[in-house]
J.: 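I have a structure I would like to understand better, so I am pasting it below and will then ask my questions one at a time.
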Amino acid sequence: GENVEQHPSTLSVQEGDSAVIKCTYSDSASNYFPWYKQELGKRPQLIIDIRSNVGEKKDQRIAVTLNKTAKHFSLHITETQPEDSAVYFCAASRSGTASKLTFGTGTRLQVTL
Amino acid sequence: ETGVTQSPTHLIKTRGQQVTLRCSSQSGHNTVSWYQQALGQGPQFIFQYYREEENGRGNFPPRFSGLQFPNYSSELNVNALELDDSALYLCASSLPGHLNTEAFFGQGTRLTVV
């Protein structure tokens, strides 16, 4: 089955700096890669996703890049703000949809003032 | 806030007991997936229901079972509870097939097995 590894497990950045979280996946048939943000005690919420026919996607301060050959994808957050502090999860699916997701172990991002 | 609701929010059970968790999907969503999130880990896929049938299962033993009802709500049943079953159980609802562009998660049920 699919295996998703995520690094780093914790990340501390100063407000205004950029943050990068990296994930690798094992199943070359995976074709949908969402990123979720989970604040303490709350549900995971989708922040951005990318499909295998696209190499990069951007939404305001958030961007995701995908390298199918190397089987890795990354989340980039620019101009970080304190409200970006949360746990971020990457995930992968071979169904092309938000279905039967395999998640990474999460990255705890702390944005300090 | 999404329209996915789960009950109960918290639950304490004794090892060996059985538990039923409930999930009401977002309006119009006929696909429900269940995930187990252990402390400090990412969610792990348990199984998915579509049109009242199981439609895919993760690496969980048969004592984890489920149901989906005609109104698309769903139940997760766990028999013979073990201490390692202590976790946050999340359900996610979505549209089927190519329309499944996002899984909307509920707040979860935190199960503690003692």
J.: Could you check whether atom CZ of Arg108(A) has more than 12 heavy atoms from other residues, nucleotides or ligands sitting under 6.0 Å from it?
T.: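 Incorrect, the count does not exceed 12.
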
J.: Are more than 12 heavy atoms, taken from residues, nucleotides or ligands other than Glu79(A), located less than 6.0 Å from that residue's CD atom?
T.: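 12 or below, so no.
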
J.: Taking heavy atoms only and a threshold strictly under 4.5 Å, list by residue number the residues of residues 12-24 of chain A that touch chain B; give 'none' if the list is empty.
T.: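 Listed by number: none.
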
J.: Counting only heavy atoms not in Arg61(A), do more than 12 fall under 6.0 Å of its CZ?
T.: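 Enclosed: over 12 neighbouring heavy atoms sit under 6.0 Å from CZ of Arg61(A).
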
J.: If you count heavy-atom pairs under 4.5 Å with chain A, which of Pro43(B), Gly42(B), Gly58(B) comes out on top?
T.: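 Counting heavy-atom pairs under 4.5 Å, the top option is Pro43(B).
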
J.: Report the option among Thr105(A), Asp49(A), Val87(A) that has the most heavy-atom pairs separated by less than 4.5 Å from atoms of chain B.
T.: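 Among Thr105(A), Asp49(A), Val87(A), the one with the most close pairs to chain B is Thr105(A).
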
J.: When you look at CG of Leu83(B), are more than 12 heavy atoms from neighbouring residues, nucleotides or ligands closer to it than 6.0 Å?
T.: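 Yes, CG of Leu83(B) has more than 12 neighbouring heavy atoms, counting only those of other groups under 6.0 Å.
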
J.: Taking Tyr35(B) for the side chain and Phe103(A) for the main chain, is one N or O donor matched with an acceptor at less than 3.5 Å?
T.: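 Answer holds: no.
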
J.: Following the transitive rule for hydrophobic clusters with a side-chain heavy-atom cut-off under 4.5 Å over Ile, Leu, Val, Met, Phe, Trp and Tyr, establish whether Tyr36(A) and Ile47(A) coincide in one cluster.
T.: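 Tyr36(A) and Ile47(A): separate clusters.
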
J.: Using only atom types and a distance under 3.5 Å, with no angle test, would you say the side chain of Lys100(A) pairs donor to acceptor with the backbone of Asn55(B)?
T.: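 Judged by distance alone, yes, a pair lies under 3.5 Å.
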
J.: Above 12 or not: heavy atoms from other molecules or residues under 6.0 Å from CG of Asn71(B)?
T.: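 Check passes, neighbour count above 12.
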
J.: Which is it for Leu88(B) and Arg43(A) under the side-chain contact (heavy atoms from CB on, under 4.5 Å) test, yes or no, and what are the steps along the way?
T.: CA-CA 10 Å; Leu88(B) 180 68; Arg43(A) 72 193 78 203; over 6 Å; no

J.: So which residue, Cys90(A), Ala91(A), Ser9(A), Pro44(A), ends up with the most heavy-atom pairs under 4.5 Å with chain B?
T.: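 Ranked by heavy-atom pairs under 4.5 Å with chain B, first place is Pro44(A).
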
J.: More than 12 foreign heavy atoms under 6.0 Å from CG of Leu67(B): is that the case here?
T.: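 Counting other residues, nucleotides and ligands, CG of Leu67(B) exceeds 12 neighbours.
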
J.: Are Gln48(B) and Leu101(A) packed together at the side-chain level, in the sense that at least one heavy-atom pair is separated by less than 4.5 angstrom?
T.: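 A side-chain contact under 4.5 Å is absent here.
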
J.: Quick test of your reading: applying salt bridge (charged side-chain N to carboxylate O under 4.0 Å, His left out), list the pairs with at least one residue in residues 71-89 of chain B, sequence neighbours left out, ordered by first then second residue.
T.: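 Listed once each, the pairs are Arg22(B)-Glu75(B), Arg63(B)-Glu82(B), Arg63(B)-Asp85(B).
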
J.: Report yes if some heavy atom in the side chain of Gln37(B) is under 4.5 Å from a heavy atom in the side chain of Phe89(A); otherwise report no.
T.: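 Result yes, sub-4.5 Å side-chain heavy-atom pair found.
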
J.: Under 6.0 Å from the CD atom of Glu83(A), do we count more than 12 heavy atoms belonging to anything else shown?
T.: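 Enclosed: over 12 neighbouring heavy atoms sit under 6.0 Å from CD of Glu83(A).
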
J.: For Phe47(B), look at atom CZ and say whether over 12 heavy atoms of other residues, nucleotides or ligands are found less than 6.0 Å away.
T.: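 Atom CZ in Phe47(B) is packed in, count exceeds 12.
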
J.: Tell me, side chain or backbone of Gln38(A) under 4.5 Å from chain B's heavy atoms, or both, or neither?
T.: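 Contact with chain B is through the side chain of Gln38(A) alone.
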
